[in-house]
Amino acid sequence: MSGIPTITGTALPSNAPGHQTGWLAQLDPRARILCAVGFAVTVVTCDSFGTLVAAVAIALALLVASRLPPRQTLRRMVAMDSFILFMLILLPFTVPGEPILTIWGISASWEGLAQATRIALKANAVILALMALVGTMEPVVLGHALHSLRVPAGLVHLLMFTVRYIEVLRQEYMRLRLAMKARGFRPSTCWHTYRSVGYLLGMMLVRSVERSERIMDAMKCRGFTGHIPLMKRFCLSQNDIVFAALFSLLIVTLLVGEALHAAV
Amino acid sequence: MPLFELSDIHFGYPHRPPILAGADMVLDAGERVCVTGHNGAGKSTLLRIMVGLLRPTGGTVAAFGQSRREEADFHDVRRRAGLVFQDPDDQLFCPTVAEDIAFGPLNLGASRASAIEIVDSVLTRLDLMHLRDRVTHRLSGGEKRLVTLATVLAMEPDVLLLDEPTNALDEENEARLVEVLDALPQAMVIVSHDPHFRRRLGTRSLRLKEGILTQPAPPKCRNASVP
Amino acid sequence: MPLFELSDIHFGYPHRPPILAGADMVLDAGERVCVTGHNGAGKSTLLRIMVGLLRPTGGTVAAFGQSRREEADFHDVRRRAGLVFQDPDDQLFCPTVAEDIAFGPLNLGASRASAIEIVDSVLTRLDLMHLRDRVTHRLSGGEKRLVTLATVLAMEPDVLLLDEPTNALDEENEARLVEVLDALPQAMVIVSHDPHFRRRLGTRSLRLKEGILTQPAPPKCRNASVP
Amino acid sequence: MHVVDGALSNPVVIGGAVLTLGGLALGLRRLPMEKIPVAGVLSATFFVASLVHVPIGPSSVHLIMNGLAGLVLGWAAFPALFVGLLLQAVFFGFGGVTVLGVNTFNIAMPAVIVGVILRRLVLSGTPATGAIWGAIGGAMAIALTTIFVALSLALTGEEFFAPAKLVFFAHIPVMVIEALLTGAAVYLARQVKPELFDVFEGARS
Ligand SMILES: Nc1ncnc2c1ncn2[C@@H]1O[C@H](COP(=O)(O)OP(=O)(O)OP(=O)(O)O)[C@@H](O)[C@H]1O
Ligand SMILES: Nc1ncnc2c1ncn2[C@@H]1O[C@H](COP(=O)(O)OP(=O)(O)OP(=O)(O)O)[C@@H](O)[C@H]1O
Ligand SMILES: [Mg+2]
Ligand SMILES: [Mg+2]
């Protein structure tokens, strides 16, 4: 079990030239962020199965439009934290109600199963829509868009620096891991492994702080006076407005469907 | 009046043996001084002292006709002497190339519009307009190096201080860089391990050894092998 | 039976043009093969393929008399072929020199006590006992380089793969290193840009160019200029 | 330990968002522009660390290292970890949108608590005693995170109570691992660069 394969696949995505993008990726980033948030808030408040299935369908349609690699994205969508997965599996057994089956004297209820399914549908619809709408952005563009959505400058700059140095540090980590492997390191459940990985992370922290000192020097050399400019300006096009309007309509439809269902 | 005049510079990092022990250097207008020396000799340290990022424990730094002592004295020096760092990843900290190049001019008080004009003119001059809106951390090593040069040129310095500029470059990009630098009018201090690069650009060479800058023997083949 | 036998190795990084395109190499016991080639030619890549850190897309790697294909095949290769990386900072990650040298033996299953014994014997052999409890991060470039060699020798390899070992060294340390390496019985593959170092240590030279290893013309001074 | 959208009740989601906004405000107050580069590079380091998997028996866990983050960053851990969680949700599909506040609070608040309580102890004595305090901090941060996650679920409904308790005990091995890693990292940092723990001390705009 080596840490390398698990980490090589997880670079932040790039929209480098030549990267295939759909019409969704051409839309204004701010519109996409607001749509994703609106969709998430709506879906979370809905409870009827019909609405939730419709929400998943919308999310899948967005996935197609986003041109994200479908298999990899769907795998990410269902890969929930083991913690939360465990909760979902236990829900049928902890929610009281009409029993489906009984294991070791504990009975699983339909109500519990329904609740677990609802959570799974909501979680997946939201995360899929988020990845399709926002995850297709260059991370730097996400920062610029958040800035023009009035997110505090400190937070945006923090995001920008984080995005800037993730790849540099990931490369450093992988080179160090490779060198450890070359010296016969094979991770296992033992003190030697944990100490070595701990040293590795500690060393990366130390080097990071020293790098940040050099970055600060570079900033001073260019007359840094306590202000970092951000220059990107967005402007809404007709397409963005049409998309936002249609998407809002979709959200309202979901809410109406939910209300009708509740009224029945 | 020389652009830079370092006399009897002493320096050591805390809890370390001294690195510079009486280094002297004079840089005149139009000169391109190459500095060599083995790894850890203190070449990068010397450049940092020149722009006041480190303060020497002894000796004096004079720049552009004035003695420089305090942090405030060096603000002006940093504007007029552009330092290109050894590792481009330390220097390109803004999200996009255009923002990185505009960072300096904006700090010097340029308006947004004129900063954008400077960005475009510098990129055009270096024939890098295709990189304008690229994300800095996705550039190749050679592209990063050329962009760091652009970020410094955008401040229109009188002197360039280049720390191992050919480090991450393949032959093609190196040839590009030589051409670009050769066309620039600025005086330069160039730290480089590459004898051919030095020979192509430098007007004279200094060797940093045991904390002192000396005129090396005229280059022979043996010099070419300095690692 | 050769120690290493690479035949018709092909390799390219994802989304990049191929780097190795039919490279062949044989390393026999007692040999010291020098590999040269310009920056980015794929020298470091070649060494990584030899110890299975990268898997070739075509061709075969045989080591110590066996064909090696799977990750498991290479565990034994990595024990018997010690790779010294190009940048010492990629290799040194423990707080002190002693701990870093003990890392390899501990991976091979040595007890703590015997690992400490190995540390002391290796350091004594390289005359580096004064560095034993120093913090690796604060060593000079030359010291780091010698310590990386010690970390690899601590695993008692049969073959040494050295990636630009003179990179961070001044003349004095370089002379030290030549002396140390010359006294070692192991077969070696040495990647080096330094013609004097190669001439002093190598038994033969190979040049990596356009993905293929060839016997170069006898070294002339012009070789010294490969950047 | 990311909660997903739809699992929690509205009051819990809103409460988490409000608490996180408060934490972000406090954290950003300690981040003047001069500190943003260090915080950003450290935030990137912890992001990379969170992608690292270490073996545990036949399986493996990915690291959180929020204890170490708290020791180094103090209150600045709030914005730094928030940024990491945001990037994880958007680009890796890990976590969720409406629960971003809850998730940030559950991971960053333990970091801050560990930082505030243990930073001084980690810096006192020899590197070895510092490492022991670091290990305690590493375990404590994970324990608190588990408790906070369990609480957010328990406040949502009784049906989550039993599994939440079970999950706490299931996470004891993770606490041990993070303790050992944090201890080793602190031991190294104490020897190599003790100033690491002072970067965010006393910084205020
Ligand atoms: N911030 C620092 N704190 C302590 N020591 C340092 C620091 N920066 C550099 N040093 C040490 O000072 C010495 C000189 O470093 P410097 O970077 O100036 O060398 P250099 O000549 O530029 O070397 P290179 O060719 O490797 O770039 C080295 O031994 C280095 O380890
Ligand atoms: N992990 C990687 N992913 C993608 N490309 C890589 C990677 N490592 C190296 N390369 C590229 O592969 C080519 C060969 O790299 P390699 O390090 O083998 O060259 P080298 O001959 O050792 O060069 P140098 O003399 O600079 O050390 C280079 O163009 C390099 O940019
Ligand atoms: Mg240097
Ligand atoms: Mg190499």
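Residue numbers begin at 1 in each chain, while the letters A, B, ... track the order of the sequences.
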Student: Would you mind telling me which of A/I215, A/V140, A/D217 has the largest number of heavy-atom pairs within less than 4.5 Å of chain B?
Tutor: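 Looking at each option in turn, the highest pair count goes to A/D217.
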Student: So which residues of residues 197-206 of chain A are in contact with chain B at a heavy-atom cut-off of under 4.5 Å?
Tutor: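 Counting heavy atoms that sit under 4.5 Å from chain B, no residue of residues 197-206 of chain A is involved.
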Student: Does atom CD of B/E31 have more than 12 heavy-atom neighbours from other groups under 6.0 Å away?
Tutor: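 Atom CD in B/E31 is crowded, with more than 12 foreign heavy atoms closer than 6.0 Å.
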Student: Does a donor on one side chain sit under 3.5 Å from an acceptor on the other, for A/T193 and A/R186?
Tutor: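 Not at all, the side chains of A/T193 and A/R186 share no donor-acceptor pair under 3.5 Å.
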Student: So which part of B/D100 gets closer than 4.5 Å to some heavy atom of chain A, the side chain, the backbone, both or neither?
Tutor: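 For B/D100, backbone and side chain are both near chain A.
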Student: Can we call the ring centroids of B/F4 and B/F64 under 6.0 Å apart?
Tutor: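 They qualify: ring centres under 6.0 Å apart.
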Student: Considering only NZ, NE, NH1 and NH2 on the basic side and carboxylate oxygens on the acidic side, decide whether B/R80 and B/E156 come within less than 4.0 Å.
Tutor: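 No salt bridge links B/R80 with B/E156.
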Student: Under a 4.5 Å heavy-atom cut-off, does chain A meet the side chain of B/A98, its backbone, both or neither?
Tutor: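 Contact with chain A is through both the backbone and side chain of B/A98.
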Student: Of the backbone (N, CA, C, O) and the side chain (C-beta and beyond), which part of B/L92 lies under 4.5 Å from a heavy atom of chain A, both, or neither?
Tutor: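 When you check distances to chain A, atoms from both the backbone and side chain of B/L92 fall under 4.5 Å.
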Student: Is any NZ, NE, NH1 or NH2 atom of the basic residue among A/E138 and B/R138 found under 4.0 Å from an Asp or Glu carboxylate oxygen of the other?
Tutor: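 The answer is yes: the pair qualifies as a salt bridge.
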Student: Name the region of A/V163, side chain, backbone, both or neither, that has any atom closer than 4.5 Å to a heavy atom of chain B.
Tutor: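 Answer is both: backbone and side chain atoms of A/V163 are under 4.5 Å from chain B.
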Student: Identify which part of A/M216 has an atom lying under 4.5 Å from any heavy atom of chain B, answering side chain, backbone, both or neither.
Tutor: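 Answer is neither: A/M216 stays 4.5 Å or more from chain B.
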Student: Among residues at least two apart in sequence or on other chains, which ones pass side chain to side chain donor-acceptor pair (under 3.5 Å) with B/E71?
Tutor: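 So B/E71 forms a side chain to side chain donor-acceptor pair (under 3.5 Å) with B/R55, B/R78.
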Student: Could you state the interatomic distance from CG (A/N124) to CZ (A/R76), rounded to the nearest 0.5 Å?
Tutor: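 If we round to the nearest 0.5 Å, A/N124:CG and A/R76:CZ are 14.5 Å apart.
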Student: So does A/R214 pair up with B/D90, basic N to acidic O under 4.0 Å?
Tutor: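 Yes, this pair counts.
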Student: Can you tell which of B/D158, B/V159, B/L153 makes a side chain to side chain contact (heavy atoms under 4.5 Å, CB included) with B/Q186?
Tutor: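 Among B/D158, B/V159, B/L153, the one that satisfies the side chain to side chain contact (heavy atoms under 4.5 Å, CB included) with B/Q186 is B/L153.
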Student: Between B/T151, B/V84, B/D133, which has the largest tally of heavy atom pairs under 4.5 Å with chain A?
Tutor: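 Ranked by contacts with chain A, first place is B/T151.
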Student: From B/T148 OG1 over to B/I101 CD1, what is the distance, rounded to the nearest 0.5 angstrom?
Tutor: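 Here the interatomic distance stands at 10.0 Å.
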Student: Can you list the residues of residues 150-161 of chain A that sit under 4.5 Å from chain B, counting heavy atoms only?
Tutor: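 Heavy-atom contacts from residues 150-161 of chain A to chain B are A/M160, A/F161.
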Student: Side chains of B/H10 and B/D8, heavy atoms from C-beta outward: is any pair under 4.5 Å?
Tutor: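 Yes, at least one pair of side-chain atoms sits under 4.5 Å.
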Student: Answer with side chain, backbone, both or neither: which region of B/F93 has an atom nearer than 4.5 Å to a non-hydrogen atom of chain A?
Tutor: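 When you check distances to chain A, atoms from both the backbone and side chain of B/F93 fall under 4.5 Å.
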Student: If you measure from the Lys or Arg side-chain nitrogens to the Asp or Glu carboxylate oxygens, is any gap between A/R211 and B/D87 under 4.0 Å?
Tutor: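 A salt bridge links A/R211 with B/D87.
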Student: With A/R71, which residues qualify under side-chain contact (heavy atoms from CB on, under 4.5 Å), at least two apart?
Tutor: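 Listed in chain order: A/R75.
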Student: Quick one: which of B/I116, B/D89, B/L83, B/V51 has the most heavy-atom pairs under 4.5 Å with chain A, could you say?
Tutor: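 Winner by heavy-atom pair count: B/D89.
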Student: Determine, for A/E210 against A/R207, whether the closest basic-nitrogen to carboxylate-oxygen distance falls under 4.0 angstrom.
Tutor: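 A/R207 and A/E210: not salt-bridged.
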Student: Top residue by heavy-atom pair count (under 4.5 Å) with chain A, among B/V77, B/T96, B/T136, B/L53?
Tutor: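 The residue among B/V77, B/T96, B/T136, B/L53 with the greatest pair count is B/L53.
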